Amino acid sequence: MDDIEEPLARAWLKALAPRGAVPQPAPSAQFTLRALIMDLLGALRADPFDASAGVQVGRALVAAQWTDEHVPRVSARVLHRLVDHCPHPDATARIAELLSAIGQGHQAGLCDLRSLDHTHTTPEREADPSRTDDWFRLVFDNIAAAVAIGNTEGTLLQANNALAEMIGVPAQSLQGISIYDFSHPEDKEHIHHLLFETLVPARSGTVKLERRLVRADGTIGWIAFAITYVQGAGESPDYLLAVGSDVTEQHQRHEELHRQARHDPLTGLPNRRLLTERVHELIATAHPGDRAGFCFIDLDHFKTLNDQYGHHIGDKALAAVAARLRRSVRDQHCLVTRIGGDEFVVCIPPPTNTSSTSDIADRLLSALEDPIVIDGHTLAIAASIGVIVTSLAGADTESLLAAADASLYNAKSNGKGHWVLKSVETLP
């Protein structure tokens with residue numbers, strides 16, 4: 001969830017105040033502008049772009065009783081800042097279309113309002129105090145942001161259609177359930193701490209929560225919520241007001257970028273970065289006596305192959321080698337990585353010893369015994385492997401990998417096509 005939402009909502013509210021900030025029920029005063037900003041941000045970033053979201057925002061402003069004809073103009077002075085929070089190359093053009101659409105929607109909403117006023121001009125209707133609640137209900141039910149109102153014990157009192165669609169159930173079925181009913185089991189402790197050990201005891205403030213959502217069909221999504229503690233007026237009880245948006249796509253993009261940053265695009269194997277992170281994790285969680293094995297693999301005479309056949313064939317050969325190495329140890333819970341060029345590293349996590357690590361080194365060499373055929377070329381590819389088995393407790397990641405690299409140097413110095421093992425109990 002963007003940090004811009006709350007400060008921009010305050011700035012927008014300040015700009016609208018001279019235009020007749022009308023009395024509203026407390027919930028609508030808390031969530032309306034922030035929710036509309038979330039709608040606009042979502043529209044700005046969406047592909048394909050649809051400016052009709054601006055029309056809906058304009059109508060929602062009328063529904064929330066910002067009915068002065070200058071509301072779209074003063075809104076535009078604030079909302080143009082959204083362009084700074086959209087990385088899309090057409091962001092400037094998009095925000096211009098959205099602001100224009102807000103004006104159109106506001107005009108359409110005013111027309112609807114006049115029609116409604118004309119239809120309900122009886123003294124009874126004019127005196128009806130529930131009319132303001134009608135406007136709140138209109139915003140609550142039709143706004144694109146997910147909105148929920150719950151008691152201070154975590155039971156939902158009301159939820160709008162947008163939240164219901166995210167979960168995949170009818171809105172009425174959410175009333176009376178616990179917020180934990182659609183939360184991921186692993187996130188419940190965090191939610192409890194944030195809401196019921198922090199927000200509720202303070203009886204004021206807003207917290208941001210971005211956690212997993214379990215949909216009705218069992219799939220997992222992500223939702224970002226801003227949850228505000230609202231003190232009830234008079235004898236009304238306090239409640240929690242949540243405004244949120246579905247951020248599943250953002251998380252999926254982040255996860256894909258994370259994966260790409262840690263995998264070699266040519267072979268699909270984990271890269272040096274992921275290897276380093278994995279070794280660091282093994283060291284951090286190691287118990288006394290835990291030992292790991294490392295096989296540093298360097299293809300023999302691979303530069304000659306590249307020079308003779310070209311990098312196109314060389315790249316295909318590397319991908320084929322990677323596939324063979326991975327298949328040869330796929331039942332051993334090893335991490336097979338490419339750290340650059342024609343160098344690969346296989347990490348064998350605890351529990352392991354010199355015997356099991358030696359077995360894996362044999363498998364890796366055997367995987368390359370048969371020639372590899374690439375585009376009609378039969379290529380004989382061999383490798384040298386430096387192997388170490390080392391204690392993990394108290395080790396240092398870089399020193400450990402350097403020791404394994406030194407073992408490879410020893411293997412290369414004593415002839416090609418074999419492996420050399422060194423057992424290391426302590427590392428500098």
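No experiment lies behind these values; they were computed from the predicted model shown.
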Sequence neighbours excluded, which residues qualify as side chain to side chain donor-acceptor pair (under 3.5 Å) partners of [X]?
X: Arg212; answer: Glu186, Asp187
X: Thr337; answer: none
X: Glu255; answer: none
X: His280; answer: none

Between Leu299 and Val321, is the side chain to side chain contact (heavy atoms under 4.5 Å, CB included) condition met? List the steps. CA-CA 9 Å; Leu299 302 185; Val321 167; 4.1 Å; yes

Filter on ring-ring contact (aromatic ring centres under 6.0 Å, His included), then keep only pairs touching residues 186-205, sequence neighbours left out; what's left? His192-Phe196

Would you call [X] and [Y] a side-chain contact if the rule is heavy atoms closer than 4.5 Å?
X: Thr276; Y: Glu398; answer: yes
X: His254; Y: Gln250; answer: no
X: Leu318; Y: Phe344; answer: yes
X: Val74; Y: Trp12; answer: no
X: Val147; Y: Leu241; answer: yes
X: Leu44; Y: Ile95; answer: yes
X: Val387; Y: Ser358; answer: no
X: Asp39; Y: Ile37; answer: no

Measure the [atom1]-[atom2] distance between [X] and [Y] for me, rounded to the nearest 0.5 Å.
X: Leu240; Y: Ile179; atom1: CG; atom2: CD1; result: 7.5 Å
X: Leu364; Y: Gln332; atom1: CG; atom2: CD; result: 10.0 Å
X: Leu36; Y: Ser75; atom1: CG; atom2: OG; result: 9.0 Å
X: Leu163; Y: Leu156; atom1: CG; atom2: CG; result: 7.0 Å
X: Leu325; Y: Ile360; atom1: CG; atom2: CD1; result: 12.5 Å
X: Asp298; Y: Ile385; atom1: CG; atom2: CD1; result: 10.5 Å

What pair of heavy atoms forms the shortest contact from [X] to [Y], and how long is it?
X: Leu335; Y: Pro270; answer: CD1-CG, 3.7 Å
X: Phe294; Y: Ile348; answer: N-CD1, 4.0 Å
X: Ala43; Y: Phe49; answer: O-CD1, 3.3 Å
X: Phe302; Y: Gly314; answer: CZ-O, 3.4 Å
X: Leu282; Y: Pro349; answer: CD2-CB, 4.1 Å
X: Leu266; Y: Ala319; answer: O-CB, 4.2 Å

Check whether the side chains of Glu69 and His106 place a donor and an acceptor atom closer than 3.5 Å, and report yes or no. no

Take atom CD of Glu281 as the centre, draw a 6.0 Å sphere, and report whether it contains more than 12 heavy atoms from other residues, nucleotides or ligands. yes

Are more than 12 heavy atoms, taken from residues, nucleotides or ligands other than Lys14, located less than 6.0 Å from that residue's NZ atom? no

Please output the side-chain donor-acceptor pairs of residues 216-224 that fall under 3.5 Å, not counting sequence neighbours, one pair per line with the distance.
residue: Asp217; atom: OD1; partner: Thr219; partner atom: N; Å: 3.0
residue: Asp217; atom: OD1; partner: Thr219; partner atom: OG1; Å: 2.6
residue: Thr219; atom: OG1; partner: Arg215; partner atom: NH1; Å: 3.0

Report yes or no: does [X] contribute a side-chain atom to a donor-acceptor pair with the main-chain N or O of [Y] at less than 3.5 Å?
X: Asn151; Y: Gly154; result: yes
X: Ser356; Y: Thr352; result: no
X: Gln231; Y: Arg203; result: yes
X: Ser178; Y: Tyr180; result: yes
X: Asp50; Y: Ala53; result: no
X: His85; Y: Leu82; result: no

Could you walk me through whether Met166 and Asn161 pass the side chain to side chain contact (heavy atoms under 4.5 Å, CB included) test, one step at a time? CA-CA 9 Å; Met166 289 180 192; Asn161 294 326; over 6 Å; no

By side-chain contact (heavy atoms from CB on, under 4.5 Å), Ala76 pairs with (sequence neighbours left out) Leu99

Taking side-chain contact (heavy atoms from CB on, under 4.5 Å) as the test, write out the residues that go with Thr92, two or more places apart. Val83

Would Leu61 and Leu33 count as a side chain to side chain contact (heavy atoms under 4.5 Å, CB included) here? Give the steps. CA-CA 8 Å; Leu61 288 169; Leu33 296 182; 4.0 Å; yes

Pairs in or reaching into residues 324-337: which pass salt bridge (charged side-chain N to carboxylate O under 4.0 Å, His left out), with residues at least two apart or in two chains? Asp331-Arg363

Determine which pairs satisfy salt bridge (charged side-chain N to carboxylate O under 4.0 Å, His left out) with at least one residue from residues 94-104, sequence neighbours left out, and list them in order. Asp47-Arg94

Side chain to side chain donor-acceptor pair (under 3.5 Å) pairs, two or more places apart, involving residues 166-177: none

If a pair satisfies side chain to side chain donor-acceptor pair (under 3.5 Å) and one of its residues is in residues 256-275, list it, with sequence neighbours excluded. Glu256-Arg259, Glu256-Gln260, His258-Arg262, Arg262-Glu277, Asp264-Thr267, Asp264-Arg338

Start with the C-alpha distance between Ser100 and Leu98, add both sets of side-chain angles, then the distance that settles side chain to side chain contact (heavy atoms under 4.5 Å, CB included), and finish with yes or no. CA-CA 5 Å; Ser100 175; Leu98 282 173; over 6 Å; no

